[in-house]
Amino acid sequence: MLRMKKLLAVGLMISGFAFGQVKKDTLEKEYKLEVAPYKAEKKVKPLPLSKKGQVFVFYGWNRGAYSNSDIHFTGNGYDFQLNNVSARDKPTSFGIVYFDPSWFTVTQYNFRLGYFIKDNLALVLGIDHMKYVMKQNQTVDFSGYISDPKYAGMVQNGQVNLADEQFLTFEHTDGLNYENLGLEKYKNLIHKKNIDLVWSYGAGIGVMFPKSNIKLFGNERSDRFHVAGMGTDLRSSLNMVFWKNWMIRAEVKAGYINMWDIKTTLNNKPDKARQDFVFGQVLAGIGYTFNTKKYN
């Protein structure tokens, strides 16, 4: 009997030890936790001219070309139209004037301020300071009437010769100012370590705020800023961005201008002119682009 009790006690001890080992192994398997190391999300600096919140500024110079236009003049004692009048731009000779801030309005310049309202889409405020000069050495068709016999006598066979400047001088040289707001879509074409090539295209609309230099019939010359009409355009540009910030921009633009309230005399007489024409423009300059958000 005593022998049986000892065997039973030994058996219970062995089974308890075995059960404890199984339970321990099971718990270790069931409750063992694997803790992965924490990795912070790395923010990557975006490409230039690509992300919402980015900004760019630009300053450059332009050359312009204009279609022929019909210019209609009205005032006390006259109402007439000169047909198919040709004009050109008036670039300033290259020199220090292009870099001296006190003379910047002398050149045909462009300014842009752009803000990316969405990824790859920018709202752009622009000033296009173009210059428009009627070619003086031309004979144009005339229709209408002039009550002053001196100037009416300059019309011969339905035409008037403008070469001697007695009949008319006509310029928007300070200038043909197109104040515009545009939307531009951007696409990165080439991305290297320190160079990006970005293409853009878009359209704009704005007001014409010329300072017209006009002398009609020997009257005192009109030379004042005035909201004269509106313009609209299509544009496309290539932007070479260096070190993520500095850029060189080249742009082409084509548009339409309609000015129905051009002041032709210095005083507040009802004298005015109206014209509309198509224009083309090429421009180039330098700029700077930056992020308004911080990135690692």
Side-chain angles (χ1 to χ4, degrees), residues 40-64 97-130 175-209 225 227 230-255 279-296:
E41 183 181 353
K42 186 177 181 180
K43 292 184 178 180
V44 179
K45 189 173 182 179
L47 299 179
L49 303 176
S50 67
K51 296 293 287 185
K52 180 180 178 180
Q54 290 180 332
V55 174
F56 71 86
V57 291
F58 166 84
Y59 186 87
W61 303 272
N62 68 71
R63 289 297 308 268
V97 67
Y98 279 81
F99 307 100
D100 185 343
S102 64
W103 289 88
F104 79 98
T105 60
V106 174
T107 63
Q108 297 181 172
Y109 70 87
N110 298 79
F111 173 78
R112 299 279 187 276
L113 174 62
Y115 176 77
F116 280 78
I117 57 176
K118 294 176 62 177
D119 288 358
N120 301 309
L121 184 66
L123 184 67
V124 182
L125 175 66
I127 300 174
D128 291 22
H129 180 79
M130 301 177 283
L176 182 65
N177 299 308
Y178 174 40
E179 323 283 349
N180 58 88
L181 190 65
L183 280 175
E184 297 177 1
K185 185 77 172 178
Y186 285 76
K187 180 177 177 60
N188 192 291
L189 301 179
I190 297 174
H191 173 59
K192 299 294 183 181
K193 183 178 180 181
N194 291 318
I195 297 178
D196 288 89
L197 181 64
V198 186
W199 170 55
S200 80
Y201 61 92
I205 190 169
V207 299
M208 303 306 303
F209 190 59
F225 289 106
V227 176
M230 296 190 69
T232 186
D233 74 88
L234 298 174
R235 77 274 300 260
S236 180
S237 74
L238 279 176
N239 303 272
M240 185 76 76
V241 185
F242 300 91
W243 305 293
K244 306 294 184 183
N245 296 109
W246 293 99
M247 71 179 188
I248 296 175
R249 182 182 184 107
E251 181 176 304
V252 294
K253 174 182 288 190
F279 75 94
Q281 185 186 158
V282 294
L283 62 101
I286 57 175
Y288 189 83
T289 177
F290 56 93
N291 298 307
T292 58
K293 297 180 180 180
K294 292 185 177 180
Y295 296 90
N296 293 335

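A donor-acceptor distance shorter than 3.5 angstrom exists from the side chain of Ser236 to the backbone of Ser200, with no hydrogens or angles considered. Not one N or O on the side chain of Thr232 forms a donor-acceptor pair closer than 3.5 Å with the backbone of Gly206. Panel note: side chain Asn239, backbone Val198; a donor-acceptor pair is recorded below 3.5 Å. The backbone N or O of Val55 sits less than 3.5 Å from a side-chain atom of Thr289, completing a donor-acceptor pair. No side-chain donor-acceptor contact under 3.5 Å links Glu251 to the backbone of Leu283.
Considering CD of Glu179 and CE of Met208, their distance stands at 8.5 Å, rounded to 0.5 Å. We find the CG-CE distance between Leu197 and Met247 to be 12.5 Å, quoted to the nearest 0.5 Å. Going from atom CH2 of Trp243 over to atom CD1 of Ile195 covers 8.0 Å, rounded to the nearest 0.5 Å. Put simply, CG on Leu183 and CG on Leu123 are 5.5 Å apart, with the number rounded to the nearest 0.5 Å. Considering CZ of Phe279 and NZ of Lys253, their distance stands at 6.0 Å, rounded to 0.5 Å. Between the OH atom of Tyr115 and the CG atom of Leu125 there is a distance of 15.0 Å, given to the nearest 0.5 Å.
Closest heavy-atom contact between Phe58 and Ile286: CD1-O, 3.4 Å. Heavy-atom minimum distance, His129 versus Gly175: CE1-N, 3.4 Å. Between Leu47 and Gln54, the shortest heavy-atom contact is O-NE2, 3.1 Å. Residues Arg112 and Gly126 share a closest heavy-atom pair of NH1-CA, 4.0 Å.
A donor-acceptor contact under 3.5 angstrom links the side chains of Arg235 and Asn180, judged on distance only. For the residue pair Asn110 / Gln281, a side-chain donor-acceptor distance below 3.5 Å is found, with atom types taken as modelled.
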Practice item. Could you check Gln108 against Asp128 for side-chain contact (heavy atoms from CB on, under 4.5 Å), going step by step and ending with a plain yes or no? Key: CA-CA 8 Å; Gln108 297 181 172; Asp128 291 22; over 6 Å; no
Practice item. Mind running side-chain contact (heavy atoms from CB on, under 4.5 Å) on Val207 and Asn177 for me, showing each step along the way? Key: CA-CA 8 Å; Val207 299; Asn177 299 308; over 6 Å; no
Practice item. Check step by step if side-chain contact (heavy atoms from CB on, under 4.5 Å) holds for Lys187 and Asn120. Key: CA-CA 7 Å; Lys187 180 177 177 60; Asn120 301 309; over 6 Å; no
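Ion pairing between a basic and an acidic side chain is recognised when a charged N comes within 4.0 Å of a carboxylate O; Lys51 and Asp119 show such pairing.
Between Trp61 and Tyr59, the ring planes are perpendicular. Angles over 60° get that label, and only those under 30° would be called parallel.
Only one option out of Leu49, Asn245, Leu113, Val241 pairs with Phe56 in a side chain to side chain contact (heavy atoms under 4.5 Å, CB included); it is Leu49.
Sorted by first and then second residue, the ring pair (Phe, Tyr, Trp, His ring centres under 6.0 Å) pairs involving residues 176-198 (not counting sequence neighbours) are Phe116-Tyr186.
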